[in-house]
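Treat the numbers as computed from the prediction; the structure is a model and nothing was measured.
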Amino acid sequence: MVSTLRVADGRGSGVMLSGRDDEFVAVVLKGYTGMRWGEIVGLETEFARPGAVRVEWQLYELDTGELVRCPPKDDSYRTIDSMDWLSALVANHIARTKPVPCPCHGKTYVFRGQGAARTGGHQVAKLVDVARRAGVSTGTVSNVLNHPNRVTEVTRAEVKQAIADLGFVRGGALPEHASHWRRNGFTTWLFTPAVSGWYPKKAPQEARPVPLLGEPWPGVPARGRGASERADSCWTPIAKGLTPHGLRHSHRTVMEDLGTEKALMDERMGHIDGSVSARYAHVTPGMRKRLMLGLTEQWETALDARLVMSPTSSVRVLRNLLHARRESRIPIEP
């Protein structure tokens with residue numbers, strides 16, 4: 001599961017490509033439950049429960065772009081056991097984002113979509129981009145914006161020019177979040193670049209590496225006009241060829257590696273085994289407990305590996321998780 005955390009984080013030692021908590025929480029949830037894409041997008045807050053996620057609905061995207069609320073594939077209604085840390089991750093996300101009913105279905109969903117201006121390499125410029133362009137610190141840029149009298153006239157001019165060049169908007173004004181993710185937008189402009197290190201071809205631009213600024217460590221995506229020229233490195237590929245649905249396959253493989261019984265794996269994945277032998281196999285509390293312990297150990301191992309790469313992240317949720325994990329490992333003096 002280290003790779004799942006790395007995908008969610010965006011790269012081994014960097015940030016999630018979007019910079020949002022939504023994508024991090026969703027990718028971790030998908031990687032540790034094996035839920036389908038439509039089930040993640042269609043997860044309503046009432047079905048994210050302590051110790052479990054209930055799959056009752058999915059959002060199926062038609063060719064027209066309409067998202068239809070319908071039963072899960074093959075009527076695979078199920079309750080997926082959730083580790084305490086995963087339930088807390090989702091619950092805290094809901095409490096933090098305070099989702100409201102969407103205008104299309106009138107339902108309250110756990111995750112929201114991306115604004116169009118934050119995809120395809122056209123993300124709005126950030127404070128750090130302005131600082132890099134002007135050759136100053138982010139604190140200096142902040143002073144120019146808030147306390148201009150503290151900065152020399154020459155530096156003010158350089159920062160203002162950088163702001164103009166990048167189209168920086170104070171406060172990071174962004175378009176309203178869409179009600180839901182779109183499969184193509186999420187996969188093409190967020191997930192695939194994060195795992196491969198490349199943005200796809202889109203006329204008039206050819207396929208290109210994801211530009212990265214090395215400072216502040218552990219790095220941030222270069223955004224705004226001229227991003228490639230300002231970048232000093234490129235995104236590190238994680239798992240070329242991996243797709244969001246591939247995380248579902250990965251979850252099944254991890255369960256097999258943990259020695260999980262087939263009956264529990266089928267229940268968790270929403271598969272139906274019609275064989276005669278399956279009629280005599282039943283899921284027990286002991287099976288569930290062993291799987292929860294195994295997945296938790298995988299998660300803690302992933303966090304430890306990520307701590308070695310860097311103790312921080314620009315993704316707030318991961319930054320807090322890393323801090324908590326590091327604190328838990330500090331020995332207490334007798």
Side-chain angles (χ1 to χ4, degrees), residues 1-32 35-37 40-41 89 93 111-124 126 128-129 174 177-178 181-202 205-214 216-224 227-228 231-251 299 302-303 305-306 309-310 312-319 321-322:
M1 283 299 180
V2 175
S3 60
T4 298
L5 180 57
R6 293 183 65 204
V7 171
D9 187 33
R11 67 187 186 100
S13 58
V15 300
M16 178 67 200
L17 187 56
S18 73
R20 296 202 312 158
D21 293 339
D22 290 60
E23 284 75 10
F24 177 85
V25 176
V27 170
V28 171
L29 179 64
K30 188 166 179 33
Y32 280 88
M35 293 173 68
R36 300 181 179 94
W37 165 259
I40 291 285
V41 177
L89 187 67
H93 174 77
F111 302 108
R112 297 181 299 176
Q114 273 275 22
R118 294 283 308 270
T119 60
H122 301 293
Q123 300 96 334
V124 296
K126 291 187 175 182
V128 65
D129 299 320
L174 299 172
H177 289 306
W181 278 313
R182 299 291 176 173
R183 179 186 294 273
N184 183 60
F186 180 86
T187 301
T188 303
W189 297 113
L190 291 178
F191 194 92
T192 298
V195 300
S196 71
W198 283 74
Y199 282 125
K201 178 180 179 180
K202 183 178 181 181
Q205 289 185 308
E206 294 294 323
R208 60 206 185 281
V210 176
L212 192 70
L213 300 175
W217 178 257
V220 292
R223 297 185 171 93
S228 296
D232 51 24
S233 58
C234 297
W235 205 270
T236 303
I238 299 170
K240 291 183 178 180
L242 182 65
T243 64
H245 188 72
L247 291 178
R248 178 170 163 83
H249 294 182
S250 298
H251 183 63
W299 171 249
L303 284 177
R306 179 57 178 78
M309 297 175 189
S310 175
T312 188
S313 171
S314 293
V315 179
R316 178 177 51 184
V317 171
L318 179 56
R319 184 170 63 247
L321 287 169
L322 292 171

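By the side-chain hydrogen bond (donor to acceptor under 3.5 Å, both in side chains) test, Arg183 is found to be paired with no residue, residues two or more places apart in sequence or in another chain being considered. Every residue was checked against the salt bridge (Lys or Arg N to Asp or Glu O under 4.0 Å) condition with Arg319, not counting sequence neighbours, and none meets it. Take Arg248 and apply the salt bridge (Lys or Arg N to Asp or Glu O under 4.0 Å) test, not counting sequence neighbours, and it matches no residue. For Thr243, there are no side-chain hydrogen bond (donor to acceptor under 3.5 Å, both in side chains) partners two or more places apart in sequence or in a different chain.
Taking all atoms of both residues into account, the shortest heavy-atom contact from Pro193 to Thr188 is CD-O, 3.1 Å. Between Val195 and Leu242, the closest heavy-atom pair is CG2-O, 3.7 Å. Nearest approach of Ala207 to Trp198, heavy atoms of both residues: O-CZ3, 3.5 Å.
For an aromatic pair to be called close, the ring centres must be under 6.0 Å apart, and His93 with Phe111 satisfies this.
For the pair Leu321 and Leu89, the minimum side-chain heavy-atom distance is below 4.5 Å.
Taken from SG in Cys234 to CZ in Arg208, the straight-line distance is 12.0 Å, to the nearest 0.5 Å. Here CH2 of Trp181 is found 11.5 Å from CZ of Phe191. Values are rounded to the nearest 0.5 Å. A distance of 4.0 Å separates CG in Leu29 from CD1 in Ile40, rounded to the nearest 0.5 Å.
Listed for the Arg306 side chain is a donor-acceptor partner under 3.5 Å among the backbone atoms of Thr312. Lys240 contributes no side-chain N or O that, together with a main-chain N or O of Ser196, makes up a donor-acceptor pair within less than 3.5 Å. Looking at Ser250, its side chain does come within 3.5 Å of a backbone N or O of Gly246 through a donor-acceptor pair.
Between Phe24 and the choices Val28, Val27, Asp21, Asp22, the side chain to side chain contact (heavy atoms under 4.5 Å, CB included) rule is met once, by Val28.
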